[in-house]
Participant: 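Quick one: the structure is below, questions incoming.
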Amino acid sequence: MTNVLYDLPGPKARLRNRILGVVTVLGIAALVAFIILRFNETGQFDSIKWQQFEYKAIQDQLLAGYLTTLRAAGAAAVLALVFGALLAVGRLSDHAAFRAPATLFVELFRAIPLLILIFFAYYGPIQLGYKVGPFWPLVIGLTLYNGAVLAEIFRAGILAVAKGQSEAAYALGMRKTQVMWSILLPQAVRAMLPAIVSQVVVLLKDTALGFIIQLPELLYVGKQIGGRLPFGLPYVPSYLVVAAIYITTCGLLSWFAFWLQKRLVGGKRQKTTAKPVPLTADTGAAGGTLV
């Protein structure tokens, strides 16, 4: 079977792909083995460097940093989704008074690095004489940047919905605002759910930038734990623990998104079997009455 843009690989191509896959896996395994060997040679697996993780105080410190990370990511994700939806609707508006500011906002904040947004949100009020904590500047920076990116994701999803959906809604007498929020946007969210969750995962990882403005999130706590001289400055063990927590959290979030997409798109389909109507003297082949 041949597709317009892609031809199914033949026997030689499949063999070549298998060889490349095996070589890639062996290369990654060799790199991981080399890193583990170097860690072992430099004493990163010595018991003294891992001993402090057995203390409840250290575990509580890690938990507090992890909860701070989740709070910042949760607040920023909710605000970014709301702003992204509003900006997507504004960009698709027929009125230039809404479309132009939304387009300017999206293009501007997509072009500014996230770290600069966080610096502006944190040091700007301080220069004006207002004392602010590090939590909300991080949330504001994440919201502005990821809201602009999510706006483009929502806009692509809305434009991907079949035009017949909106035409049918207009035929029923619905206004464009009702069509956008009741018909197009819910379908766009379901269609673009993998891309939305991928951006939320990026947002979760970007909370580590709160370390720069001394927010006691997970990475900041990991640096504090790694800088203790009595335990041999265990920076590598601390960052390995922090990385494992981030990987587990992002993996669970991706799994939940995959499960949610299956529920929203596929759902539980009930098997229905139609019983054939027997052909008698009173019924015809089309189910009608013989005259």
Side-chain angles (χ1 to χ4, degrees), residues 35 44 49 52-53 57-84 87 105-152 196-229 231-254:
I35 293 174
Q44 301 302 327
K49 292 182 179 293
Q52 63 175 329
F53 294 106
I58 300 300
Q59 297 171 4
D60 292 340
Q61 193 175 359
L62 282 171
L63 179 60
Y66 181 58
L67 292 178
T68 301
T69 293
L70 292 182
R71 283 196 295 268
V78 171
L79 293 175
L81 287 170
V82 173
F83 276 117
L87 289 171
F105 186 97
V106 170
E107 297 299 331
L108 176 64
F109 288 105
R110 284 176 62 201
I112 299 177
L114 175 57
L115 188 59
I116 295 179
L117 293 177
I118 295 173
F119 280 161
F120 269 113
Y122 182 68
Y123 291 108
I126 293 177
Q127 294 297 320
L128 297 176
Y130 298 99
K131 185 178 180 180
V132 296
F135 181 82
W136 285 109
L138 175 63
V139 171
I140 291 172
L142 291 171
T143 299
L144 294 176
Y145 179 78
N146 290 280
V149 176
L150 286 169
E152 291 299 279
I196 293 172
V197 174
S198 297
Q199 191 60 37
V200 173
V201 170
V202 172
L203 184 151
L204 174 65
K205 293 185 292 185
D206 285 342
T207 56
L209 293 175
F211 161 82
I212 304 296
I213 55 176
Q214 297 184 348
L215 177 68
E217 43 78 44
L218 187 58
L219 181 60
Y220 184 85
V221 171
K223 181 179 180 297
Q224 286 185 324
I225 294 174
R228 288 169 178 159
L229 185 59
F231 295 94
L233 296 176
Y235 282 110
V236 172
S238 299
Y239 291 145
L240 287 176
V241 171
V242 169
I245 295 174
Y246 274 116
I247 292 172
T248 302
T249 304
C250 294
L252 290 175
L253 185 59
S254 300

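Residues take their numbers from the sequence shown, with the count starting at 1.
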Participant: Can you find a heavy atom in the side chain of Phe231 that is under 4.5 Å from one in the side chain of Lys49?
Facilitator: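 No. Closest side-chain heavy atoms not under 4.5 Å.
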
Participant: Could you give the distance from CD (Glu217) to OG1 (Thr207), rounded to the nearest 0.5 Å?
Facilitator: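 With rounding to 0.5 Å, CD (Glu217) is 6.0 Å from OG1 (Thr207).
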
Participant: Nearest 0.5 Å, please: how far is CG in Leu215 from CD1 in Ile118?
Facilitator: 9.5 Å

Participant: Pairs of donor and acceptor atoms involving the side chains of residues 125-143, under 3.5 Å and at least two apart or interchain, shall be tabulated with distances.
Facilitator:
residue	atom	partner	partner atom	Å
Thr143	OG1	Val139	O	2.7

Participant: Could you tell me which residues satisfy side chain to side chain donor-acceptor pair (under 3.5 Å) with Gln52, sequence neighbours excluded, listed by chain and number?
Facilitator: Arg228

Participant: Using residues 197-205 as the side-chain source, report each donor-acceptor pair under 3.5 Å to any protein atom, sequence neighbours left out, with the distance given to one decimal.
Facilitator:
residue	atom	partner	partner atom	Å
Ser198	OG	Pro194	O	2.9
Gln199	NE2	Asn146	OD1	2.7

Participant: If you look only at distance, which donor and acceptor atoms sit under 3.5 Å apart when one is on a side chain in residues 242-253 and the other is two or more places apart or in another chain?
Facilitator:
residue	atom	partner	partner atom	Å
Thr248	OG1	Ala244	O	2.8
Thr249	OG1	Tyr66	OH	2.8
Thr249	OG1	Ile245	O	2.8

Participant: Enumerate the residue pairs fulfilling side-chain hydrogen bond (donor to acceptor under 3.5 Å, both in side chains) with a member in residues 105-114, sequence neighbours excluded, ordered by first and then second residue.
Facilitator: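 Sorted pair list comes back empty.
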
Participant: Could I get the full list of side chain to side chain contact (heavy atoms under 4.5 Å, CB included) partners for Val236, not counting sequence neighbours?
Facilitator: Phe39, Gln44, Leu240

Participant: Is there a side-chain contact between Phe53 and Pro237, using heavy atoms and a 4.5 Å cut-off?
Facilitator: yes

Participant: Please give me the minimum heavy-atom distance between Gln214 and Tyr220, naming the atom from each residue.
Facilitator: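 It is CA-CE1, 3.9 Å.
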
Participant: I'd like to check the ring pair (Phe, Tyr, Trp, His ring centres under 6.0 Å) partners of Phe109; sequence neighbours left out, ordered by chain and number.
Facilitator: Phe105

Participant: Applying side chain to side chain contact (heavy atoms under 4.5 Å, CB included) to Leu218 and Leu62, what does each step give before you reach the verdict?
Facilitator: CA-CA 7 Å; Leu218 187 58; Leu62 282 171; 4.2 Å; yes

Participant: With sequence neighbours left out, what residues match Tyr123 under ring pair (Phe, Tyr, Trp, His ring centres under 6.0 Å)?
Facilitator: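 Result, ring pair (Phe, Tyr, Trp, His ring centres under 6.0 Å) vs Tyr123: Phe119.
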
Participant: Once rounded to the nearest 0.5 Å, what's the spacing between atom OH of Tyr145 and atom CG of Leu117?
Facilitator: 9.0 Å

Participant: Quick check: closest heavy atoms across Ala151 and Leu87, and the distance to 0.1 Å?
Facilitator: CB-CB, 3.6 Å

Participant: Please list, chain by chain and in numerical order, all residues satisfying side chain to side chain donor-acceptor pair (under 3.5 Å) with Gln224, sequence neighbours excluded.
Facilitator: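 For Gln224, the residues satisfying side chain to side chain donor-acceptor pair (under 3.5 Å) (neighbours in sequence not counted) are Gln61.
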
Participant: Output every pair passing salt bridge (charged side-chain N to carboxylate O under 4.0 Å, His left out) with a member in residues 59-74, not counting sequence neighbours, ordered by first then second residue.
Facilitator: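 Listed once each, the pairs are Lys56-Asp60.
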
Participant: Under the side chain to side chain contact (heavy atoms under 4.5 Å, CB included) rule, collect the residues that match up with Tyr239, sequence neighbours excluded.
Facilitator: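 Here the qualifying residues are Leu219, Lys223, Tyr235.
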
